[in-house]
Amino acid sequence: MSVQERRAVSARREGLLGDEPGAFAVARFVRVTPMKARRVVDLVRGLGVDDALATLKFAPQAAAATVYKVVDSAAANAEGTEHLSRADLVVAKAYVDEGPTLKRHRPRAQGRATRIDKRTSHITVVVAPRVEEEPAEKPAKKSAKKADTAKKAPAKKAAADKAEAADKPAKKATAKKTAAKKTAEKKES
């Protein structure tokens with residue numbers, strides 16, 4: 001690979017997409033907590049771009065507006081740079097990383113002060129063309145084999161447990177017998 005080719009492919013794109021077609025968009029230093037943003041991002045992961053945008057448009061969370069912009073930007077990047085059709089795009093990856101935390105202080109009772117953490121997020125969305133799945137006949141056969149072995153395993157385990165139980169004397173039964181003997185001896189004396 002020549003120096004020019006190396007510069008043409010960014011390391012971030014290489015890490016997110018590899019050689020696959022698609023595009024990504026990142027919103028950095030967004031003033032929303034990562035936990036709240038992840039709730040919204042989880043709604044759209046795996047959906048088509050148009051479905052994801054419709055979902056985000058009517059989502060009540062405050063972070064939905066920012067995630068909407070990021071998904072829309074990623075789709076626009078795919079159309080512009082990769083020449084992909086917007087109708088075929090799917091949100092392949094979407095995740096939220098924690099950004100820097102702004103530390104503020106709030107006065108409290110008796111002259112104390114507590115720290116308020118104002119968290120920020122980095123929201124990344126990757127869109128890729130929809131992949132047509134092949135019929136899944138082979139995995140069905142494997143799962144049938146696993147089911148057969150799963151049925152055999154409990155039977156073997158039960159047989160092993162019975163064999164162990166036969167070898168060992170019952171502890172509770174002997175304890176009851178010795179207790180009965182002791183009470184019988186007390187009554188006789």
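Applying the 6.0 Å contact sphere to CZ of Arg45 captures more than 12 heavy atoms from other residues, nucleotides or ligands. For CZ of Arg12, the number of neighbouring non-hydrogen atoms (other residues, nucleotides, ligands) closer than 6.0 Å is 12 at most.
Here the shortest heavy-atom pairing between Ala63 and Lys36 reads CB-O, 4.4 Å. Across all non-hydrogen atoms, the minimal contact from Asp117 to Lys103 is OD1-CG, 3.8 Å. The shortest non-hydrogen separation linking Arg13 to Glu82 is NH2-OE2, 3.0 Å. For the pair Asn77 and Ala25, the tightest heavy-atom approach, listed with the atom from each and the gap, is ND2-CB, 4.1 Å. Pairing each heavy atom of Val40 with each of Ala64, the nearest pair is CG1-CA, 3.7 Å. The minimum heavy-atom distance linking Ala74 with Phe24 is given by the pair CB-C, 4.1 Å.
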Quiz item: Can you check side chain to side chain contact (heavy atoms under 4.5 Å, CB included) on Gln61 and Arg39, steps first, answer last?
Solution: CA-CA 9 Å; Gln61 292 88 355; Arg39 282 184 57 204; 3.3 Å; yes
Practice problem: Evaluate the criterion side chain to side chain contact (heavy atoms under 4.5 Å, CB included) for residue pair Thr120 and Thr101; output intermediate values, then yes/no. | Solution: CA-CA 6 Å; Thr120 60; Thr101 301; 5.9 Å; no
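If you chain together hydrophobic residues whose side chains sit under 4.5 Å apart, Tyr68 and Val26 never meet in one group. Leu16 and Val125 are assigned to two separate hydrophobic clusters, defined by single-linkage of ILVMFWY side chains at heavy-atom distances under 4.5 Å. Taken together through direct or relayed side-chain contacts under 4.5 Å among Ile, Leu, Val, Met, Phe, Trp and Tyr, Val90 and Leu17 form parts of separate hydrophobic clusters. Linking ILVMFWY residues whenever their side-chain heavy atoms come closer than 4.5 Å, directly or via other members, places Val41 and Val70 in the same cluster. Side-chain heavy atoms closer than 4.5 Å link hydrophobic residues (I, L, V, M, F, W, Y) into clusters, and following such links, possibly through other members, connects Leu53 to Leu43.
Within the model, atoms CZ of Arg104 and CG of Leu102 stand 5.0 Å from one another, a figure rounded to the nearest 0.5 Å. Atom OG in Ser121 sits 9.0 Å away from atom CZ in Arg31 (nearest 0.5 Å). Summarising the geometry, atom CG belonging to Leu47 is positioned 8.5 Å from atom CG belonging to Leu56; distances are rounded to the nearest 0.5 Å.
The shortest side-chain heavy-atom distance between His122 and Pro100 falls under the 4.5 Å cut-off. When side chains are defined from C-beta on, Ile123 counts as touching Val67, because their heavy atoms get closer than 4.5 Å.
Side-chain atoms of Thr33 do not come within 3.5 Å of backbone N or O of Arg119 as any donor-acceptor pair. Side chain of Thr55 to backbone of Asp51: a donor-acceptor contact under 3.5 angstrom is found.
Contacts of Arg28 classified as side chain to side chain donor-acceptor pair (under 3.5 Å), with partners at least two apart in sequence or in another chain: none.
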Table please: side-chain donor-acceptor pairs of residues 105-114 below 3.5 Å, with sequence neighbours left out.
unit_1	atom_1	unit_2	atom_2	d
Gln110	OE1	Arg112	NH1	3.1

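Taking 4.0 Å as the cut-off between side-chain N and carboxylate O, Asp88 and Arg86 do not count as a salt-bridged pair. Asp72 has no carboxylate O lying under 4.0 Å from a charged side-chain N of Lys57, or vice versa, which leaves the two without a salt bridge.
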